[in-house]
Structure formats: C-alpha cells, structure tokens
2 protein chains.
Amino acid sequence: MARTRAKDYDDKALSILHRSAELFAASGYVGTSMNTIADACGVSKALLYHYYPDKEAILFDILSSHLQELVAAVEQANAAPGEPVQRLRTIIGTLLELYRHADAEHQVQIASLKLLPKDKREPLLASERILVGIMSDALAAAVPAAKQKRVLKPLAMSVFGMLNWHYMWFREGGPMTRTDYADFVVRLVLAGADEAVAAVTRPRGKGKSASRSRQAELL
Amino acid sequence: MARTRAKDYDDKALSILHRSAELFAASGYVGTSMNTIADACGVSKALLYHYYPDKEAILFDILSSHLQELVAAVEQANAAPGEPVQRLRTIIGTLLELYRHADAEHQVQIASLKLLPKDKREPLLASERILVGIMSDALAAAVPAAKQKRVLKPLAMSVFGMLNWHYMWFREGGPMTRTDYADFVVRLVLAGADEAVAAVTRPRGKGKSASRSRQAELL
DNA sequence: CCTACCGATCGGTAGG
DNA sequence: CCTACCGATCGGTAGG
C-alpha cells in the first residue's frame with residue numbers, strides 16, 4: 001500500500017521555514033548553506049530537497065508566507081468598523097504584534113528580498129504595496145491634512161520607518177510594551193501630522209496653522 | 001630605488017570601496033565575489049588584494065569610513081551655537097544630506113554589518129551609539145517631555161527609523177526635497193512628542209495634557 | 001508506481 | 001600586477 005503524506009508534513013515544512021529565516025537573518029541568505037539548514041533542522045539535506053525544490057524556494061516561501069500573514073491581518077484590521085483613528089491604531093498595533101514572533105522573517109525581508117530574481121520578487125513587492133496602500137488610506141482618513149498627495153506617501157513611509165526599524169532596538173521586557181509603542185507612534189502621527197504637513201505645503205516664512213506650537217515657531 | 005606609493009593610491013582605494021558598497025548593496029556581501037569586484041573596478045583580483053588584505057577588510061572599511069563621516073558631521077552640527085530646536089533640525093538635515101551620496105553604504109550598514117566578527121563589529125556599533133547619543137541629547141533639549149528616561153530611547157529610535165528607512169522610498173526629483181523631508185520629520189516630532197509621551201506615561205484612561213487633540217481623545 | 005528518506009558524491013566556484 | 005592554481009565548500013542530485 002502506498003504511503004500517505006505524513007500528517008506532520010505541513011508542520012515540518014513550516015518549522016523548516018522559520019528555522020531557515022533565523023539562519024538567514026543571522027548569516028545572510030548566501031552565507032547560509034543548505035547543509036547548515038539541514039543540520040539546524042535535524043534533517044538530512046536530501047529531506048530538505050524533498051520539501052523545497054531549491055534554496056531559492058525556501059527564501060521565497062519565508063517571505064511569501066510572512067507577507068501574506070501581514071496582508072491578511074492588516075486587511076482584517078482595516079475592514080473592522082469604527083472611527084478612522086481607531087482603525088489606524090488597530091492597523092499599527094496589529095503590525096507590531098505580528099512582528100513579535102516574526103523578527104527573523106522581518107529582517108530577511110529587509111536584507112534579502114532583493115536577492116530574488118524579478119519574477120519571484122514581484123509578487124512580494126505587490127504584497128508590500130498592498131500594505132502601504134492600506135496604511136495610506138487609513139492615514140488619509142484619520143489625519144485630514146494627510147490627504148494631500150504630496151505628503152501622504154512621506155507620512156505613510158515615516159510610519160513604516162518607525163515600525164520596521166523597531167527590531168533594531170525594541171526588546172521584550174523593556175519599559176515599553178508593543179502596545180505602548182503602537183500608541184506612541186499613533187499619537188506622534190496624529191498630533192504631529194497637521195503641523196508637519198503644514199510646514200512643507202505652505203509658502204516659506206508665514207504659516208497659517210492655528211495649532212502651531214512655540215517650538216515650531218522657532219524653525 | 002623603491003617605488004613610491006602612487007599618488008592616486010588613496011583615490012583608487014576609495015573608489016574601490018564605493019563600487020564594492022554598490023555591489024554589496026545589490027547582491028549581498030557573501031553574494032558578491034572578489035572576482036566580480038575586481039571586474040567592476042577594472043582591476044585584477046591581485047590588485048584588489050594589494051589594497052585590502054581580505055574581503056572582510058573591504059566590508060569593514062566601507063562601514064568604518066561611512067560611520068566616521070556621519071559621526072564627524074553630526075558632532076559638528078551638535079556643537080554649533082543656536083536654539084535646541086534649531087540644533088535638532090541641523091542634525092536631522094545633516095544626516096539626510098549625507099545619505100544623498102551614501103545610499104549603498106547605508107544599505108550595507110543595515111544588511112551586512114552584522115556579518116562581521118565581533119571584534120570588527122564592535123567599533124562600528126560604538127559609532128552608531130555615538131550617533132544615537134547625540135540625537136537623544138538633542139531631542140531631550142528640544143522636546144521637554146522627551147527627557148523622561150522611559151520614552152527618550154523610543155523617541156530617538158523612532159526618528160532614526162524615519163531617517164534610516166527613507167532609502168526605501170525617497171527618490172531624488174520627487175515632490176519633496178531632502179530638506180523638505182528633514183523639516184517634515186522635525187515638525188512631526190516637535191508637535192507630536194509631547195502628546196505621544198503623555199500617552200504612554202500617564203495612567204490609563206484619564207489624561208492631564210492640556211494640549212491633547214480631539215483625535216487623541218478618541219483613542 | 002507512489003512518497004519518504006538515506007549516505008555519498010556530483011560538477012563548479014568560492015576566497016585566497 | 002598577471003595567470004595559474006590550491007584546499008574547502010557550495011547548491012543540488014545520484015542510486016537504492
């Protein structure tokens with residue numbers, strides 16, 4: 001009788017992906033050998049090639065599953081009912097929470113997505129664009145001044161900068177929780193965006209924002 | 001008589017560094033061979049080893065010269081006279097301006113600094129800590145609420161997040177100049193920081209910041 | 001005839 | 001400053 005697919009096949013495939021992501025994050029994609037991956041996963045190299053046709057497929061699947069998880073969660077957060085500000089907060093909090101157990105995948109995305117050939121890279125960049133699009137829409141809805149085309153992208157990318165850079169310094173058990181930092185970023189953006197947008201859209205010298213702070217005047 | 005060092009020796013060494021940085025940024029450190037570097041620089045591989053003892057020395061020198069340039073410029077900006085807010089603006093503007101011609105070096109710093117062995121990595125991390133220290137001091141001076149130990153690091157790292165992420169989206173000739181974006185970031189931080197700091201330091205529910213915005217109330 | 005898995009080794013290329 | 005190579009290790013595949 002033919003052997004059926006092992007019932008832990010998918011579990012094993014996923015655990016290989018995560019372990020590989022950790023190795024890629026530490027030593028780089030090219031700097032991590034298939035032998036190293038096999039050893040770290042406690043399987044033979046031949047078994048590795050049973051799960052994935054080649055090394056490139058491992059990198060692609062790491063990033064594909066990571067980005068699809070982000071897109072699905074952010075789309076759900078975006079579809080939830082509520083005020084625009086609350087939606088923005090949920091989106092940002094969701095991203096930071098997903099990063100909790102995806103630090104390696106996140107670093108691989110930043111350092112190694114570009115190493116894939118164009119046909120494998122393109123669908124991943126499309127997922128990234130979906131995330132940027134949802135964040136931009138949420139910002140435009142929550143921050144009136146952000147609707148201006150000239151500043152929406154810089155504002156959205158500033159938010160992604162803060163979120164995507166957090167792996168460099170954020171440590172679990174520090175003085176701020178992830179939820180704290182999500183609130184921190186949201187409030188920074190909400191309170192600061194009108195001012196920042198006004199600064200780069202009005203003519204030099206005279207401002208017309210009623211809420212400009214004393215410090216902003218000094219610029 | 002012994003040959004003297006060629007008068008363009010240092011120029012050539014620097015151009016090799018920059019070309020290597022571009023290759024490392026595109027294909028990764030391990031993914032770029034010494035033969036590729038030699039070909040791209042129009043020199044033999046043997047000449048490459050005349051300038052640098054090994055591949056690791058090229059990576060180290062790329063990052064060392066890049067970070068020393070950043071530290072020197074930021075220290076000078078920090079030492080200039082003027083109001084704290086103006087000093088913060090100068091520091092942020094200086095960093096964005098230096099990144100103009102150091103995109104490759106910047107990407108190599110993010111993706112490949114970690115690949116160096118500890119003894120080579122440590123002095124580079126020390127330079128990074130100097131930059132973070134100056135930025136933190138400038139923020140503490142310009143933003144009263146930022147002085148609280150619990151929030152100074154998150155605020156400083158949020159600023160570095162925005163600045164260090166800009167290579168992912170900022171394009172020369174777009175609607176915003178580098179100076180525009182520097183202003184944008186400074187005003188975002190100045191106007192938003194008091195609010196953001198209050199959010200994560202006060203007890204839950206009730207706030208006491210007089211300047212809380214309508215949007216912030218909704219959180 | 002299928003999938004699951006092993007020990008051993010392939011042709012090429014890496015840094016030096 | 002070059003060509004000619006080295007010891008080792010790479011990603012990937014063979015037979016069973």
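All chains are named by letter (A, B, ...) in the order of the sequence lines, taking the proteins before the strands, and each is independently numbered beginning at 1.
Note on Ser44(A): every side-chain N or O is 4.0 Å or more away from OP1 and OP2 of dC5(C). Look at His50(B) and you won't find any side-chain N or O under 4.0 angstrom from OP1 or OP2 of dC1(D).
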Do any side-chain atoms of residues 15-26 of chain B form donor-acceptor pairs under 3.5 angstrom with protein atoms, and if so which ones, sequence neighbours left out?
{"from": "Ser15(B)", "atom 1": "OG", "to": "Lys12(B)", "atom 2": "O", "distance (Å)": "3.2"}
{"from": "His18(B)", "atom 1": "ND1", "to": "Glu105(B)", "atom 2": "OE2", "distance (Å)": "2.6"}
{"from": "His18(B)", "atom 1": "NE2", "to": "Glu22(B)", "atom 2": "OE2", "distance (Å)": "3.3"}
{"from": "Arg19(B)", "atom 1": "NH1", "to": "Glu22(B)", "atom 2": "OE1", "distance (Å)": "2.8"}
{"from": "Ser20(B)", "atom 1": "OG", "to": "Ile16(B)", "atom 2": "O", "distance (Å)": "2.7"}

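The stretch residues 15-28 of chain A has no heavy atom under 4.0 angstrom from DNA chain D at all. For the segment residues 109-124 of chain A, the set of residues with a heavy atom within less than 4.0 Å of an atom of DNA chain C is empty.
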Using Watson-Crick and G-U wobble pairs whose two distances are both under 3.5 Å, how do you write the pairing of DNA chain C as dot-bracket, with | for links to another strand? .....|.|.||.|.||
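Here Lys120(B) does not pair with Asp61(B) in a salt bridge; the nearest charged N to carboxylate O distance is not below 4.0 Å. Arg89(B) and Glu83(B) are not joined by a salt bridge, as no carboxylate oxygen comes within less than 4.0 angstrom of a charged side-chain nitrogen. Ion pair Arg129(A)/Glu122(A) flagged as a salt bridge, since at least one NZ, NE, NH1 or NH2 atom sits closer than 4.0 Å to an Asp/Glu carboxylate oxygen.
Qualifying side-chain hydrogen bond (donor to acceptor under 3.5 Å, both in side chains) partners for Gln76(A), counting only residues two or more places apart in sequence or in other chains: none.
The backbone N or O of Ile62(A) lies less than 3.5 Å from a partner atom in the side chain of Ser65(A), making a donor-acceptor pair. Not a single donor-acceptor pair under 3.5 Å links the side chain of Lys153(A) to the backbone N or O of Phe170(B).
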Which parts of nucleotides 8-13 of chain D does protein reach within less than 4.0 Å, heavy atoms only, written one letter per nucleotide 5' to 3' as B for base, S for sugar-phosphate only and - for none? --SBBB
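With Tyr49(A) as the aromatic partner, Lys55(A) does not meet the cation-pi criteria of under 6.0 angstrom to the ring centre and within 45 degrees of the ring axis.
The closest side-chain donor-acceptor pair between Ser64(A) and Gln68(A) falls under 3.5 angstrom.
We find that OH of Tyr52(B) is positioned 18 Å from C1' of dG15(C), with the value rounded to whole Å. Rounding to whole angstrom units, OH of residue Tyr51(B) and P of dG15(C) are separated by 20 Å.
Annotation: the span from Ser112(A) atom OG to Leu63(A) atom CG amounts to 7.5 Å, rounded to 0.5 Å.
Using bins of under 30°, 30° to 60° and over 60° for the plane-to-plane angle, the ring pair Tyr99(B)/His106(B) lands in the tilted bin.
A heavy-atom distance below 4.5 Å is found between the side chains of Leu59(A) and Val108(A).
Between His166(B) and Tyr181(B), a ring centre-to-centre spacing not shorter than 6.0 Å is recorded.
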